[in-house]
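In what follows, chains are A, B, ... by sequence order, proteins preceding strands, each numbered from 1.
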Protein chains: 2
Amino acid sequence: MEEIDRRIVSLLSRNGRMSFTELARQAGLSVSAVHQRVRRLETDGVITGYVALCDPVVIGLPLTAFVSIKPFDPAAPDDLPERLAGVTAIEACHSVAGDESYILKVRVASPSALEDLLQQIRTIANVSTRTTVVLSTAYENRPPEI
Amino acid sequence: MEEIDRRIVSLLSRNGRMSFTELARQAGLSVSAVHQRVRRLETDGVITGYVALCDPVVIGLPLTAFVSIKPFDPAAPDDLPERLAGVTAIEACHSVAGDESYILKVRVASPSALEDLLQQIRTIANVSTRTTVVLSTAYENRPPEI
DNA sequence: CATGAAAATCGCCACGC
DNA sequence: GCGTGGCGATTTTCATG
């Protein structure tokens, strides 16, 4: 992937609804050339999708937390992500190195919803949890430097 | 915010480039009514932006980590987010409750780039760091349940 | 707030280089 | 791969109920 592709990806990761016309202007190419490149970036899996970001507070999920997970049985099968996939409060699930096995990022409506969620996670997955509550978010989802 | 707005936000957070025409069809409204609502959702700060998501591995940032931060001086001013804002490897910065003060999500090209980044963070902010390396990501940036 | 229609803009494809 | 041209679709605005 070279210069122009990087520029296109960078522009789209800052404004996912930028028109091909504007994209072409800022990339210094014709519209059809940009069109071709964007389609290729999509099919090649460089661009994995487009999303609208929304303020979690406004949509009723003001409480964010990171939940670190340690299985009770260290030899248990590693299928926790699938087991938890249906729990929509979980925004992200990372397998990690270190003392614990997974880190989840979760969003809920209230402390008691967090309590319920943790209970649910422990039950579904037979794990212990350690929760770090987010007090404020200075920034998140910043576009990568490409 | 009521039913139709929630539906619109939900659709756009799954496909940020969905056309107004398609949005209108799925929301059961005319195109211009949907247009009006989307503009309002944007200006009201419900929808905060649109982004293309891209595969960090493909763009040369295969290593993700969470960096937990504890200031050496507990009485130091709380301006760490601003001090670190220029460091583009930092994708997110959360102030958190608990033993540590902040959690950063970072993406780098290699272990040695991570080493440099940690050094940079410690120098800029006069803090100690604890780093949890991500081994694999089952999912992230999942749209919220609205 | 919703609608429908008009005007401007855009997405997309075919073609030639 | 890139550019040009053109047509149908989409976006955007506006007048109206």
So does A:E145 pair up with A:R6, basic N to acidic O under 4.0 Å?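 So A:E145 does not pair with A:R6 through a salt bridge.
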Quick one: does A:I69's side chain get under 4.5 Å of A:S128's, heavy atoms only?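 No, their side chains stay 4.5 Å or more apart.
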Does the side chain of A:I103 reach to within under 4.5 Å of the side chain of A:V67, using non-hydrogen atoms?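 A side-chain contact is absent here, since even the closest heavy-atom pair is not under 4.5 Å.
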Separation of [N] [atom2] from [X] [atom1] (nearest whole Å):
| X | N | atom1 | atom2 | result |
| --- | --- | --- | --- | --- |
| A:M18 | C:dC10 | CE | C1' | 14 Å |
| A:H35 | C:dG11 | NE2 | P | 7 Å |
| A:L23 | C:dT9 | CG | C1' | 16 Å |
| A:R25 | C:dT9 | CZ | C1' | 15 Å |
| B:Q36 | C:dA5 | CD | P | 17 Å |

Nearest-nucleotide wise, let me know which of A:L29 and A:R17 is further upstream toward the 5' end of DNA chain D.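 Of the two residues, A:L29 wins.
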Going 5' to 3' along DNA chain D, between which two nucleotides do contacts with chain B fall, using a heavy-atom cut-off of 4.0 Å?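 Both ends considered, the range comes out as D:dT10 to D:dT13.
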Under-3.5 Å donor-acceptor pair between A:S19 side chain and C:dG11 base: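 Looking at the base of C:dG11, it does not pair with any donor or acceptor on the side chain of A:S19 (distance under 3.5 Å).
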Can a side chain N or O of B:R37 be found less than 4.0 Å away from OP1 or OP2 on C:dA2?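 For B:R37, the contact criterion (side-chain N or O under 4.0 Å from OP1 or OP2 of C:dA2) is met.
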Would you indicate what [X] reaches in the nucleic acid, counting non-hydrogen atoms under 4.0 angstrom: base, sugar-phosphate, or nothing?
| X | answer |
| --- | --- |
| A:A33 | sugar-phosphate |
| A:T21 | sugar-phosphate |
| B:R40 | nothing |

State whether the number of non-hydrogen atoms from other residues, nucleotides or ligands found under 6.0 Å of B:E115 atom CD is greater than 12.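 12 or below, so no.
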In this structure, is the centre-to-centre distance between the rings of A:H94 and B:Y139 below 6.0 Å?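 Aromatic pair excluded; centres sit 6.0 Å or further apart.
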Of all heavy-atom pairs between A:R142 and B:V87, which one has the smallest distance, and what is that distance?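 What the structure gives for the nearest pair is NH2-O, 2.8 Å.
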B:F66 and A:F66 aromatic ring geometry - parallel, tilted or perpendicular at 30°/60° bounds: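 Ring orientation of A:F66 relative to B:F66: perpendicular.
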